[in-house]
Amino acid sequence: MSTPFRLMQFTAFSPGAWERLDAVNGYDWTRAETQKEMLRILEKAGYESVMFADTLAIGTLYGGNTDALVKLGMGEGFHNDPVAMMTALSRATQRIGLVCTLSASLYPTELLAQTLSSLDHMTRGRIGWNIVTSMGKDAAANYGITEFPSSQERYDRAAELIEQADKLWSYVQDADPAERLNIPGMPQGRPAIMQAGGSGPGKDFAAKHADGILAHRNSPEDMKVFRDDIRARAEKFGRDPDSLNLFFTCTPVIAGSQEEAAAMREQALQSPTKTIEAGLVNFSLRIGLDVSKFPVDEPLPEGVEIQGSQGVLDQHTESAAPTLREIAVSENLKETFAVQGTAVEVADRLEEVMNIAGGDGIAVRGGLLPANIIPMATQVVPILRERGLVRSTYRFPTFRQNLTDADFVASGGSVSPVTTVRSEK
Ligand SMILES: Cc1cc2nc3c(=O)[nH]c(=O)nc-3n(C[C@H](O)[C@H](O)[C@H](O)COP(=O)(O)O)c2cc1C
């Protein structure tokens, strides 16, 4: 029998949506209106949360400059701060979790604790923190940091930051007055902690601290290896592995038939922002290595040293040896494991993948645009719901309670809510 799983949307407050050839006419990514509308649809479909990525620089890694990124008009390079978007989205919805990416390497502790606390109040207990260690030297330079710390040092700093922030959030009455900030206790006590690092230090950090973990893995078998690894690490640190949830990313292509879905995939690659060069720019920025100097029809040489995400490098190379061209296509389409076809076929595939991987959730990638959101939320989710595989209601008022609900798997999210949803004007 299949086990119920969770759904989230992984997106960004960025012009990435422009890259879809079927994007809404006149779409203005800097305004919240479309995003708000899409979020209401996701909430109706019972998505656990929506997570907003963020980066803090226009990367210069590929070829040593920003030329390709700017020439190609790649949406990935540009972001508005997700914090601003959260307050708008909180007014449009009542239960869905809102996850904000904030850099542990570049935010001062007090500012970070104050910001997340205020957001948790504004959203009435629905804030999650995607704690990233920031991948690039460019971001560090923008924040006046010239010595870029190692991956281990960055995760050590992130752990220290959580500890310090927890102290500020708990507002211990007998603490040294000099250590007390003017932060009112927040509805969730602390935000739900999300994490997406895939290196050894990253996985250890997640196993110790995270409520939810995101990963890109290119096959269900690789997903299972990743999940088993994280769960073993959690046990080693004395944590119940069932208290953390893994979310594996994918980009479903939903159409009237397999042929139509294949044609849509091909069409997406025709966008001027989806050239092989664009895919290589993305890959370079994510792994922190200029891949422009390597032959495009060969795999990346073994043993190359990277400054960025080990998790992303492993995603592509841990059980396959794709050429850089193949990696570029996968990066352009934000593909991980293949999932395409009719709504029933996509539902079947997600069920199958979750069964092989062992659970716990799927993170759908894509901007908050109708073409990305509506087919999945209104065609595939009802099928999954009918099979008792995804939640039909939010049991608790806060995001962290819903995310860590120990009864979720037993109930498939279909139990009655503990509190009723209060309607907001
Ligand atoms: C699904 C996913 C989402 C991520 N989102 C962001 C992001 O929004 N901003 C960012 O700076 N890093 C992001 N990262 C990078 C990771 O948080 C992490 O910093 C990076 O993978 C380096 O760590 P690693 O070497 O442990 O993999 C993301 C990674 C993954 C897998």
Side-chain angles (χ1 to χ4, degrees), residues 8-14 16 49-59 61 75-83 85 99-107 128-140 142-143 148-159 161 193-210 212-218 222-223 226-227 229-230 233 245-251 282-283 285-289 305-318 330-331 334-337 361-367:
M8 68 179 281
Q9 185 77 24
F10 177 44
T11 185
F13 189 9
S14 78
S49 63
V50 60
M51 176 161 136
F52 280 77
D54 194 23
T55 55
L56 301 167
I58 302 178
L61 251 172
E76 296 260 334
F78 304 90
H79 287 107
N80 267 341
D81 194 313
V83 168
M85 179 56 93
V99 184
C100 225
T101 295
L102 296 171
S103 169
S105 306
L106 305 173
Y107 254 84
W129 174 19
N130 176 29
I131 176 162
V132 297
T133 52
S134 294
M135 286 188 263
K137 284 193 157 82
D138 297 312
N142 278 349
Y143 284 72
F148 196 58
S150 69
S151 166
Q152 182 67 59
E153 284 166 334
R154 282 179 274 153
Y155 280 114
D156 288 347
R157 153 78 184 144
L161 180 61
I193 305 282
M194 310 294 284
Q195 205 270 347
S199 60
K203 285 191 257 192
D204 271 348
F205 176 85
K208 266 189 208 157
H209 299 285
I213 298 167
L214 272 91
H216 304 300
R217 278 297 173 273
N218 288 0
D222 288 352
M223 288 158 60
F226 189 92
R227 184 172 181 270
D229 183 4
I230 292 274
R233 287 172 201 255
N245 284 291
L246 275 284
F247 290 85
F248 291 101
T249 63
C250 67
T251 309
N282 267 337
F283 187 51
L285 294 176
R286 296 177 72 216
I287 65 168
L289 173 75
E305 281 207 7
I306 60 165
Q307 294 279 329
S309 173
Q310 185 63 42
V312 170
L313 184 60
D314 292 347
Q315 170 202 343
H316 292 290
T317 59
E318 78 181 341
S330 165
E331 286 286 318
K334 302 193 191 316
E335 263 176 353
T336 43
F337 59 93
I362 294 287
V364 179
R365 291 168 92 177

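Note that these values count all heavy atoms, side chains included, but never hydrogens, waters or copies made by symmetry. When a ligand or atom number is given, it counts from 1 through the structure's own listing order. This is a predicted model, so every value here is computed, not measured.
- Atoms of ligand 1 found under 4.0 Å from any heavy atom of L214 (numbered from 1 in listed order, with element): 1 (C).
- Side chain of N218 to main chain of Q315: a donor-acceptor pair is present (N/O by atom type, distance under 3.5 Å, no hydrogens or angles).
- Within ligand 1, the atoms closer than 4.0 Å to a non-hydrogen atom of G311 are 27 (O), numbered from 1 in the order shown.
- If you number the atoms of ligand 1 from 1 as listed, the ones under 4.0 Å from a heavy atom of A53 come out as 8 (O).
- Each of the following atoms of ligand 1 lies closer than 4.0 Å to a heavy atom of G308: 25 (O).
- Within ligand 1, counting atoms from 1 as listed, the ones closer than 4.0 Å to a heavy atom of S199 are 24 (P), 25 (O), 26 (O), 27 (O).
- A distance of 12.0 Å separates CD of E153 from OG1 of T133, quoted to the nearest 0.5 Å.
- Distances from ligand 1 to the non-hydrogen atoms of Y155 include at least one value under 4.0 Å.
- Not counting sequence neighbours, H216 has no partner by the ring-ring contact (aromatic ring centres under 6.0 Å, His included) test.
- Panel note: side chain R286, backbone G308; no donor-acceptor pair is recorded below 3.5 Å.
- Between the side chain of D54 and the backbone N or O of H79, no donor-acceptor pair lies under 3.5 Å.
- The shortest N or O to N or O distance between G198 and ligand 1 is below 3.5 Å.
- Residue Q310 has at least one heavy-atom neighbour below 4.0 Å for each of these atoms of ligand 1: 24 (P), 25 (O), 27 (O).
- Shown in contact with H216 at under 4.0 Å from a heavy atom are these atoms of ligand 1, numbered in order with element: 1 (C), 2 (C), 30 (C), 31 (C).
- Every atom of ligand 1 with a heavy atom of T133 under 4.0 Å away is listed here by number and element: 19 (O).
- Applying the salt bridge (charged side-chain N to carboxylate O under 4.0 Å, His left out) rule to D229 yields the partners K203, R233; only residues at least two apart in sequence or on another chain are considered.
- At least one donor-acceptor pair under 3.5 Å links the side chain of T251 to the backbone N or O of K334.
- Side-chain N or O atoms of T249 include none that pairs as donor or acceptor with a backbone N or O of R365 at under 3.5 Å.
- Between D54 and ligand 1, a contact under 3.5 Å exists for at least one N or O pair.
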